[in-house]
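Here is the structure we will look at.
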2 protein chains.
Amino acid sequence: MTLKELSTLLGLSPTTVSRALNGYPEVREATRARVVEAARKHNYRPNMQAKRLATGRAMAIGHVIPATSRHEMVNPIFSDFLSGASEIYAEHGFSVNLTLARAGDQERTYRELHAQGAVDGIILHGPTMNDPRIAMLQDLGLPFVVHGRASGIDLDYAWLDVNNVRSFARATDLLVDLGHRRIALLNGLEQMDFAHRRRIGHEQALQRAGIACDPALMLSDEMTEDYGYRSALALLDRPDPPTAFLVAAIIPALGVQRALHDRGLRPGRDVSIICHDDDLSYLRNGGDLPIFTATTSSVREAGRRCAALLIEQINAPDSPKPQVLLEAALTIGQSTGPAPRRS
Amino acid sequence: MTLKELSTLLGLSPTTVSRALNGYPEVREATRARVVEAARKHNYRPNMQAKRLATGRAMAIGHVIPATSRHEMVNPIFSDFLSGASEIYAEHGFSVNLTLARAGDQERTYRELHAQGAVDGIILHGPTMNDPRIAMLQDLGLPFVVHGRASGIDLDYAWLDVNNVRSFARATDLLVDLGHRRIALLNGLEQMDFAHRRRIGHEQALQRAGIACDPALMLSDEMTEDYGYRSALALLDRPDPPTAFLVAAIIPALGVQRALHDRGLRPGRDVSIICHDDDLSYLRNGGDLPIFTATTSSVREAGRRCAALLIEQINAPDSPKPQVLLEAALTIGQSTGPAPRRS
DNA sequence: CTTACTATTCAAAGCGCTTTGGCTTTGCTC
DNA sequence: GAGCAAAGCCAAAGCGCTTTGAATAGTAAG
């Protein structure tokens, strides 16, 4: 069923039918009612491609998911982020154009999405330090919102980030207050901006507390369970093991927990763990009694808010670039406790 | 840069330029070279919307991700499935149209995607028993491939599934051989087809071994860590606790593991665990020594294969419907061992 | 009863690309 | 050199929708 068919069926011109359905004022209400009714009855749905071509708007948002080349790993937070964003897109009639791209392919992917006119805007995922994509997108003139930020980039762009410096500083403060002096940091990949900021926060807090940073306690890798497990084992087996772990995500924290169990240590009593918790739907940090003491910030909510910001940018490209800094909550769970006495 | 601009620039007709770029034979090789070179030089990318409208092909695959209404949970396997599928799509020039839909909205979503001409084909995720979507998609005449199958549906449709009956039967056999008699099944939601089949497999194996099914040991819910944890605690605290757990996914298995630790039990020695492992990139089942004994089947590989099947269906809609049954590997890990002697 | 609007409706021109049908050339054959 | 097929190129007609500019009907004002 096409517009034309529907219009001949109604004895109207395509113009009028189009206007009636799109809510334009220059059409009699009685006519509009007839048209809407007929459209419903014949199950008419405007052809998206045609609409897009005619309006020049793709009504689609591009998400380019970075897949790290090493493990072809896709960060599991994406499904929740997308889930949040989709809620907002749906309300505004946007659809999602998903592309997975290796680290090196990303710029090209963005360029193509734009040149093809496939999307009206883009969410930039996983910004690294000095991320070159930001300047590129700005040059292209394609509206975009960064989920995170990029240290070292001094441009005026739209972003939404968690205050990673503060949240990891607070977490470190908490551990220090509990008497911990040897605190391990199991960070994400250092080139990722969020990881960089978390390290800064951690180091600041240590410095304030007069504790020297021990590089041997600061690790950085893709945030898998296995990474948490192996790193924790290695650190625990050192002559001077850490008494606390600050971990970049709940999945590697589960690995740390497993390592503790392997060594007969109990989280929260023998060794403390704090992790960042993205509040993933399938990996909630326990119920009433959280498994982990954690810096919590819902990535699904971040998705919703990024989506809303992007749609604003698309509708008013010259409006000022929103910059939103969310604070993570510090939730006390079962995984922290006072540092054990030196034996 | 549009086709028309490029063609006047070259002193050719749009027709010829289009043909040159799309590899049609009726264009001189010298001309084609000129055109291709000019396109490259001017960074020409055909407008997707226009192309789609003209060809009637959307060059896009629809993925409708079911979000369970209760927890708005998005199954974490999707990111890996999509990652696999995307590899194949990219090779064939397809893009992904992602929609998240609540359980009730799914049919409507598929209908709209089709009526709008937004996609050329669909991957059907998370089939339930008697899934009504299959008949619907067949009626619509939209090519589709089901990831999984739907018991109770007697139509000829394309699917790719893991042999869930066999894999859970084998897992149960293994536990029985190890001497376990009280085996708990922490299944996914029962309306999901895969969960149904896994239960069947489990029950068949028990029956063959002459062990009565105890309904109290068979649970079913969304596969979260918390579900695994709480269920395991509850079961372990019964007067006649299970000595083994058969778990539908690695995430709830981690919850079971945590429950064991809470109760001072060691996986593999005091209580055995077998789980199904989708081989998620960020949650590998350990390295050389798998954490869990598991029935393993890569969901990323499933994504690749479903994508390939779907593209075949799109290119040859009347070809026979492929039906692929994959066998899961049974990998022995650290989480299983002989049933402890009755005290 | 005109005149001047305003409210409705429509015809037609795109949007950027593909594709059908036709028109020139070119290259052979006899 | 006439005759003919193949090769190479082009004009024009869409694809299904939006939107501009014009036409028509209806209505209030003069």
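Quick caveat: nothing in here was measured; it's all calculated off a predicted structure. Per chain, numbering begins at 1; letters A, B, ... match sequence-line order.
Near DNA chain C, defined here as any heavy-atom distance below 4.0 Å, there are no residues from residues 38-49 of chain A.
Contact annotation: A:K51 side-chain N/O to D:dG16 OP1/OP2 distance is not under 4.0 Å. Contact annotation: B:R28 side-chain N/O to D:dC9 OP1/OP2 distance is under 4.0 Å. Applying the 4.0 Å criterion to OP1 and OP2 of C:dT9, one finds that A:T16 has every side-chain N and O outside that range.
The CG-P distance, from B:L21 to C:dT18, rounds to 8 Å in whole Å. Summarising the geometry, the separation between CG on A:L6 and P on D:dT18 is reported as 12 Å, rounded to the nearest angstrom. Summarising the geometry, the separation between CZ on B:R19 and P on C:dC17 is reported as 16 Å, rounded to the nearest angstrom. The interatomic distance linking A:N22 (CG) with D:dT20 (P) rounds to 13 Å, in whole Å. B:R52 places its CZ atom 15 Å from the C1' atom of D:dG16, with the value rounded to the nearest Å. Atom P of nucleotide D:dC10 and atom NZ of B:K4 are separated by 15 Å, given to the nearest angstrom. Rounded to an integer number of Å, the gap from B:L53 CG to C:dC17 C1' is 8 Å. Rounding to whole angstrom units, CD of residue B:E26 and P of D:dC9 are separated by 10 Å.
Taking five base pairs at each end of the helix from C:dC1-D:dG30 to C:dC30-D:dG1 and finding the rotation axis that steps the C1' atoms of four pairs onto the next four gives two axes whose angle is 50°, to the nearest 10°.
Comment: B:E37 does not engage B:R34 in a salt bridge, judged by the lack of any side-chain N to carboxylate O separation of less than 4.0 angstrom. Of the charged side-chain nitrogens involved, none lies within less than 4.0 Å of a carboxylate oxygen, so that A:D156 and A:K321 do not count as a salt-bridged pair. A salt bridge links A:E112 to A:R108: one of the charged nitrogens lies within less than 4.0 Å of a carboxylate oxygen. Classification of A:R133 and A:E107 as a salt-bridged pair fails, no side-chain N sitting under 4.0 Å from a carboxylate O. Between A:D80 and A:R300 there is a salt bridge, with a side-chain nitrogen of the basic residue lying less than 4.0 Å from a carboxylate oxygen of the acidic one. B:D105 and B:R102 are not joined by a salt bridge, as no carboxylate oxygen comes within less than 4.0 angstrom of a charged side-chain nitrogen. Of the charged side-chain nitrogens involved, at least one lies within less than 4.0 Å of a carboxylate oxygen, so that A:R304 and A:E301 count as a salt-bridged pair.
Ring centroids of A:F81 and A:H125 are separated by less than 6.0 Å, placing the two rings close together.
A donor atom on one side chain and an acceptor atom on the other are not found under 3.5 Å apart for A:S86 and A:S83.
Which of D:dC17, D:dG16, C:dT18 sits closest to the side chain of A:L3 comes down to D:dC17. When the nucleotides D:dT19, D:dC10, D:dT18 are ranked by their closest atom to the side chain of A:Y24, D:dT19 comes out on top.
In plain terms, the two heavy atoms of A:M59 and A:G93 that are nearest each other are CE-O, 3.7 Å. Nearest heavy atoms, A:N130 versus A:G152: OD1-CA, 3.3 Å.
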Could you write out each protein N or O paired with an N or O of nucleotides 12-14 of chain D at a distance under 3.5 Å?
from: D:dA12; atom 1: N6; to: B:T15; atom 2: OG1; distance (Å): 3.3

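Side-chain atoms of B:D278 do not come within 3.5 Å of backbone N or O of B:L280 as any donor-acceptor pair.
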